[in-house]
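Everything numeric in this text was worked out from a predicted model, so none of it was measured.
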Amino acid sequence: MAAKVLDGRYKLIKKIGAGGFGHTFIARDMRRPGSPPCVVKQLKPASDDPNFIREARRLFNTEAETLEKLGRHDQIPQLLAYFEEDTQFFLVQEFIEGRSLHDELKPALPEVSSSDQEPRDGDSFNLQNEIESINQPIKDRQLPETEVIKILRDVLEVLEFVHSEGVIHRDIKPDNLIRRKSDQKIVLIDFGAVRAMQDVNTQLAADEKGESRFTVTIGTPGYMPSEQCAGRPSYSSDIYALGMVAIKALTGCSPTDLPNDPATGEVVWRDKARVSNGLAMVLTRMVRYHYTQRYQSVREVNQGLTTFATMTDVERQATTSKLVRSTAPDQPNSARSSSAQSESTSRRRTVATTPSTNSNAGVIFLFGGLLAAITVIAAFAIPAMRNKPPAVIVNNQPPASPITEAPTAASPLPKAIPNEPTNQTLNLVANQDLVISKTMYSNAGHTYTFPAKSGQTLVTAIAGDGLSITILNSQGIALPNAVNVANTNVPIVADGAYTVQLRGTSKSPEVPYELRLGLKDVAIAPVVNPVPNPIATPPITTTTTGQPLPPPQPSPTPTTTPPPQIEIKIRNR
């Protein structure tokens, strides 16, 4: 069949795939200049039943129309043709030159030297280790976090377009992600709906109108979420599959080899990967067991990556730039200090060389002038005081209250922590708030980790331009009602280390903020004094320090008469 020409145009050259999805060939289009290569997929129905063939033809035509529409995207193979021949269906698509992500993750085979082929006396221990590791699952290559983020963003761009067309891929896995050789972009291939007509498990079932329809579950174990296994896929099903692809790249483990939490059904993978808290939190939400707890759209996933997953690189750049800014002014300051010191020294030397006789003469001259001035003033002031007693007028005005900037002793503010590190470990004291004043550079994420006990309530609030708070538990999972909020009160349900992450979206390169943290014991509640007559009691206002003001006094009736004046006379003795 390798030399067969289909539709009088496509000459089959090489088979590149075979299995449950049918056969895939590389062919050449004999009717185009240069006979460029293309991909031909042969889809043979699993049954010869006429009803089955009719339904397969309907599904095939519908899928061809979908592929024609999706092929407008640059990272989806373009549909070139589709036709039926000898009750077999054929799709002709654009040939993508490159390697699949499945091939990229395969580990390199170790080189076997001649010395390794012959066992030696000391090789019994190594042989025993090899025998014990036979039953262990095979691990593939582990990609760095930055590379995994690039793959996620590349596929999410394609997936957003696919979902906008109302299509669910249903079979996202490393085999269907091709890194194109020309530009290294990820191309999404093999939309799985066409597999229904040649899957051996496909059956015909009557719908509500009595028409026959296929009943088949499309997907790959490990990458297929629970609702897709039940035949109810959604857009979040593709998000789940992509999250498992990223976890596969980070851990090197096949999804079917990863354990599940028996209590929740969640995939346990964090201990097998070197990954930041930000990316781990995004992936954990992508692969939640229940679809309602996952990201519901590709846009939400992109926002999560922008907010949390890029934290490591941004913080590193912000820390570097901050160190440069903090060390640059040191040299001018030291130079100015040296200059001022030398100037002061020279000034002291100049004063020391002045003769002491000149200094004494100046002092005597100044003292004589002051004595003469005092004598003249006394000569005019004493007769005037004898002729008319002077009067001192004192207005009956209340004295102005002095303004102080220091806070009162009743409610002292905690001392602000210096704006140095972007990741800190704190030790919060129960029932005492801590205020942290810092500046965030280039929207770098700041994190604060502290221990908390079960039964306490974490109180957080952030003041800053475009800043938000996300609270994570000791496993790096965001707490309910504590994602991208300005303030929140979160009950602590288990002992452990909790993390408060700050992220910003402001365009300003420097955003000052004030973060308030506090752990409140539930057993301690504020005591409220009973008010015997709440109707007659005037409203109470508070000052900026939190102290209550006395009830307002009735305002006096305004008059035009000025306040009385007190005249104090000085009698002559």
SG of C38 to CZ of R32, rounded to nearest 0.5 Å, is 8.0 Å
Could you give the side-chain donor-acceptor pairs of residues 277-285 under 3.5 Å, partners two or more places apart or in another chain?
| unit_1 | atom_1 | unit_2 | atom_2 | d |
| --- | --- | --- | --- | --- |
| N277 | OD1 | R270 | NH2 | 2.4 |
| T284 | OG1 | A280 | O | 2.7 |

Between E94 and P77 (side chain of the first, backbone of the second, donor and acceptor by atom type, cut-off under 3.5 Å), is there such a pair?
no
So does R9 get a backbone contact from the side chain of D7, meaning a donor-acceptor N/O pair under 3.5 Å?
no
Considering non-hydrogen atoms only, spot the tightest contact between T460 and N489 and give its length.
N-OD1, 4.5 Å
Is the backbone N or O of G265 less than 3.5 Å from a side-chain atom of D261, with the two atoms forming a donor-acceptor pair by type?
no
Would you say that S226 contacts Y289 through its side chain, given a criterion of any heavy-atom pair below 4.5 Å between the two side chains?
yes
One pair to check against salt bridge (charged side-chain N to carboxylate O under 4.0 Å, His left out): D140 and K248. What are the steps and the verdict?
CA-CA 8 Å; D140 289 342; K248 155 79 174 177; 2.5 Å; yes
Name all residues meeting the side chain to side chain donor-acceptor pair (under 3.5 Å) criterion together with E104; count only those two or more places apart in sequence or in a different chain, and write none if there are none.
R179
Tell me yes or no: between the side chains of Q75 and D154, is some donor less than 3.5 Å from an acceptor?
yes
Distance-only, no hydrogens or angles: does the E300 side chain make a donor-acceptor pair with backbone N or O of Q296 under 3.5 Å?
yes
Measure across H102 and D175 and return the closest heavy-atom pair with its distance rounded to 0.1 Å.
CG-OD2, 3.6 Å
Any donor-acceptor pair under 3.5 Å from E510 side chain to T439 backbone
no
Do K272 and L258 come within less than 4.5 Å of each other through their side chains, counting heavy atoms only?
yes
Taking T251 for its side chain and C253 for its backbone only, find out whether a donor-acceptor pair lies under 3.5 Å.
yes
For E97 and R180: C-alpha separation, side-chain torsions, deciding distance, then whether salt bridge (charged side-chain N to carboxylate O under 4.0 Å, His left out) applies.
CA-CA 6 Å; E97 184 179 3; R180 190 161 49 197; over 6 Å; no
Modelled atom types, side-chain donor and acceptor of T499 and T449, under 3.5 Å:
yes
Side chains of L159 and V301, heavy atoms from C-beta outward: is any pair under 4.5 Å?
no
Spatial distance of atom CZ (R274) from atom CD (Q142) [nearest 0.5 Å]
9.0 Å
Report yes or no: do N302 and R299 form a side-chain donor-acceptor pair below 3.5 Å?
no
For the pair H169 (side chain) and I189 (backbone), establish whether a donor and an acceptor sit closer than 3.5 Å, ignoring hydrogens and angles.
yes
Verify the neighbour count for atom OH of Y295: are there more than 12 heavy atoms of other residues, nucleotides or ligands below 6.0 Å?
yes
In terms of side-chain heavy atoms, does T220 have a donor or acceptor partner in K173 at a distance below 3.5 Å?
yes
Which pairs pass side-chain hydrogen bond (donor to acceptor under 3.5 Å, both in side chains) with one or both residues in residues 236-246, sequence neighbours excluded?
H163-D238, E227-S237, S234-S236, S236-R294
Would F450 and Y498 count as a ring pair (Phe, Tyr, Trp, His ring centres under 6.0 Å) if you check the C-alpha gap in whole Å, the side-chain angles of each, and the deciding distance to 0.1 Å?
CA-CA 6 Å; F450 50 87; Y498 288 78; 7.0 Å; no
D495 (side chain) donor-acceptor with S454 (main chain) under 3.5 angstrom
yes
Check whether any side-chain N or O of Q293 sits under 3.5 Å from a backbone N or O of M286 as a donor-acceptor pair, and report yes or no.
no
Under 4.0 Å between a Lys/Arg side-chain N and an Asp/Glu carboxylate O for K41 and D190?
yes
Flag side-chain contact, heavy atom, 4.5 Å: L91 against V40:
no
Rounded to the nearest 0.5 Å, what separation is found between the CG atom of L70 and the CG atom of L79?
10.0 Å
Taking every heavy atom of V500 against every heavy atom of I471, the minimum-distance pair comes out as CG2-CG1, 4.3 Å
Could you walk me through whether L156 and L242 pass the side-chain contact (heavy atoms from CB on, under 4.5 Å) test, one step at a time?
CA-CA 9 Å; L156 285 171; L242 181 57; 3.6 Å; yes
Can you confirm whether F83 sits close enough to L6 that some side-chain heavy atom of one is under 4.5 Å from a side-chain heavy atom of the other?
yes
Would a 4.5 Å heavy-atom cut-off, applied to side chains only, mark S297 and Y235 as touching?
no
Going by heavy atoms in the side chains, are Y82 and F60 under 4.5 Å from each other?
yes
Can you see which heavy atom on T470 is nearest to which on A478, and at what distance?
CG2-CB, 4.2 Å
Looking at side-chain heavy atoms only, is the closest gap between K438 and H446 below 4.5 Å?
yes
Can a donor-acceptor pair be found between the side chains of E145 and S276 at a distance below 3.5 Å?
yes
Check I178 against G98 and note the closest heavy-atom contact, atom names and distance.
CG2-C, 4.1 Å
State, to 0.1 Å, how close R99 and D103 come at their nearest heavy-atom pair, and which atoms those are.
NH2-O, 2.9 Å
With a 3.5 Å cut-off and no angle check, do the side chains of Q42 and Q88 form a donor-acceptor pair?
yes
Atom OG of S35 and atom OH of Y10: how far apart are they, to the nearest 0.5 Å?
12.0 Å
Between the CG atom in L517 and the CD1 atom in I469, the distance rounded to the nearest 0.5 Å is 7.5 Å
Evaluate L188 against L177 for side-chain contact (heavy atoms from CB on, under 4.5 Å), listing each step before the verdict.
CA-CA 5 Å; L188 182 59; L177 299 174; 3.7 Å; yes
Just wondering, are more than 12 heavy atoms of other shown residues or ligands nearer than 6.0 Å to NZ in K150?
no
Could you give the distance from CZ (R503) to OG1 (T447), rounded to the nearest 0.5 Å?
10.0 Å
Would you say the side-chain atoms of N260 pair up with the backbone N or O of P262, donor to acceptor, closer than 3.5 Å?
no
